[in-house]
Amino acid sequence: KPEATIIPFRRKIKWSLLATSAGTGEFLDDENFEMIEVGEEVPEEADFGLAINGDSMEPRYHDNQAVWVQQTNSLNNGEIGIFYLNGDAYIKKLQEDKNGVFLVSLNEKYSPIPVGENDRFDILGKVVGKNHPNELRDFLQ
């Protein structure tokens, strides 16, 4: 009787060739993606992945770490997302209060970034997962 073999689930997902800033902001666009193969280490609801650049989201997210993002254009207050603000992409926590809308770093040495009513601002997605910082190179072989 042959033994059943378990085939690990693999799928293709978009990977951004540009890092997203955890600090100063970097440009992110649709042309700078490649398809990579991932498995169960990536949440099923993730639509794309990208690398973080900078330390403004420490201690939760680290420089060169892969994060997995569900594409959406709306987030709840306090959720971590990928944002486009005036030409740059950021990973930040969304904060909406009586003082306005802010992109907030988890690292307290960075000030919140105010979003003005005349700014070009888009929510690109919600961060739904991350990998250990040292695992990033495993995806990009």
Checklist line | Side chains of Asp63 and Gln65, donor plus acceptor under 3.5 Å | finding: no
Next item on the list: Would you kindly confirm whether Val69 and Val104 end up in one hydrophobic cluster when ILVMFWY residues are joined by side chain heavy atoms under 4.5 Å apart?
Entry: no
Margin query: Taking Val67 as the starting point, is it possible to reach Phe33 by hopping between hydrophobic residues whose side chains are less than 4.5 Å apart?
Written below: yes
Next item on the list: Report the C-alpha distance between Phe83 and Leu75 in whole Å, list the side-chain angles of each, state the deciding distance to 0.1 Å, and finish with yes or no for side chain to side chain contact (heavy atoms under 4.5 Å, CB included).
Entry: CA-CA 10 Å; Phe83 303 94; Leu75 286 179; 3.5 Å; yes
Checklist line | Non-hydrogen side-chain atoms of Lys92 and Met57 separated by less than 4.5 Å | finding: yes
Check: So do the side chains of Lys93 and Ile80 get within less than 4.5 Å of each other, counting heavy atoms only?
Finding: yes
Notebook entry, point to check: With side chains defined as the heavy atoms from C-beta onward, is the minimum distance between Phe102 and Ile113 less than 4.5 Å?
Noted result: no
Check: Taking atom CD of Glu44 and atom CD of Gln70, what is their separation to the nearest 0.5 Å?
Finding: 11.0 Å
Item checked: Glu37/Arg11 under side chain to side chain contact (heavy atoms under 4.5 Å, CB included): CA gap, chis, key distance, verdict -> CA-CA 5 Å; Glu37 195 173 274; Arg11 67 187 170 110; over 6 Å; no
Notebook entry, point to check: Side-chain contact, heavy-atom cut-off 4.5 Å: Glu41 with Asn131?
Noted result: yes
Notebook entry, point to check: Just by distance, with hydrogens left out, do Trp68 and Asp47 show a side-chain donor and acceptor under 3.5 Å apart?
Noted result: no
Check: Say you draw a straight line from CG of Leu103 to CG of Asp88; how long is it, rounded to the nearest 0.5 Å?
Finding: 11.0 Å
Margin query: Counting C-beta onward and ignoring hydrogens, is there a side-chain heavy-atom pair between Asp55 and Tyr110 closer than 4.5 Å?
Written below: yes
Which side-chain N or O atoms in residues 117-124 pair as donor and acceptor under 3.5 Å with protein atoms at least two apart or in another chain?
| unit_1 | atom_1 | unit_2 | atom_2 | d |
| --- | --- | --- | --- | --- |
| Asp119 | OD1 | Asn86 | ND2 | 3.1 |
| Asp119 | OD2 | Gly116 | N | 2.6 |
| Arg120 | NE | Asp122 | OD2 | 3.2 |
| Arg120 | NH2 | Asp122 | OD2 | 2.9 |

Note to self: Using side-chain heavy atoms (C-beta onward) and a distance below 4.5 Å, is Ile13 in contact with Val42?
What the structure shows: yes
Margin query: For a 4.5 angstrom cut-off between non-hydrogen side-chain atoms, does Leu94 reach Glu79?
Written below: no
Check: Between Lys130 (side chain) and Arg60 (backbone), is there a donor-acceptor pair under 3.5 Å?
Finding: yes
Notebook entry, point to check: Nearest heavy-atom pair of Gln95 and Asn77: which atoms, and what distance?
Noted result: CA-OD1, 3.2 Å
Next item on the list: Say whether, by atom type as modelled, one donor and one acceptor occur between the side chain of Glu45 and the main chain of Pro43 under 3.5 angstrom.
Entry: no
Next item on the list: Could you pull out the closest heavy-atom pair between Asp97 and Asn99, with the gap in Å?
Entry: OD1-N, 2.8 Å
Note to self: Using only atom types and a distance under 3.5 Å, with no angle test, would you say the side chain of Ser105 pairs donor to acceptor with the backbone of Asn107?
What the structure shows: no
Note to self: Within the 4.5 Å heavy-atom criterion, are Asn64 and Asn53 side-chain neighbours or not?
What the structure shows: no
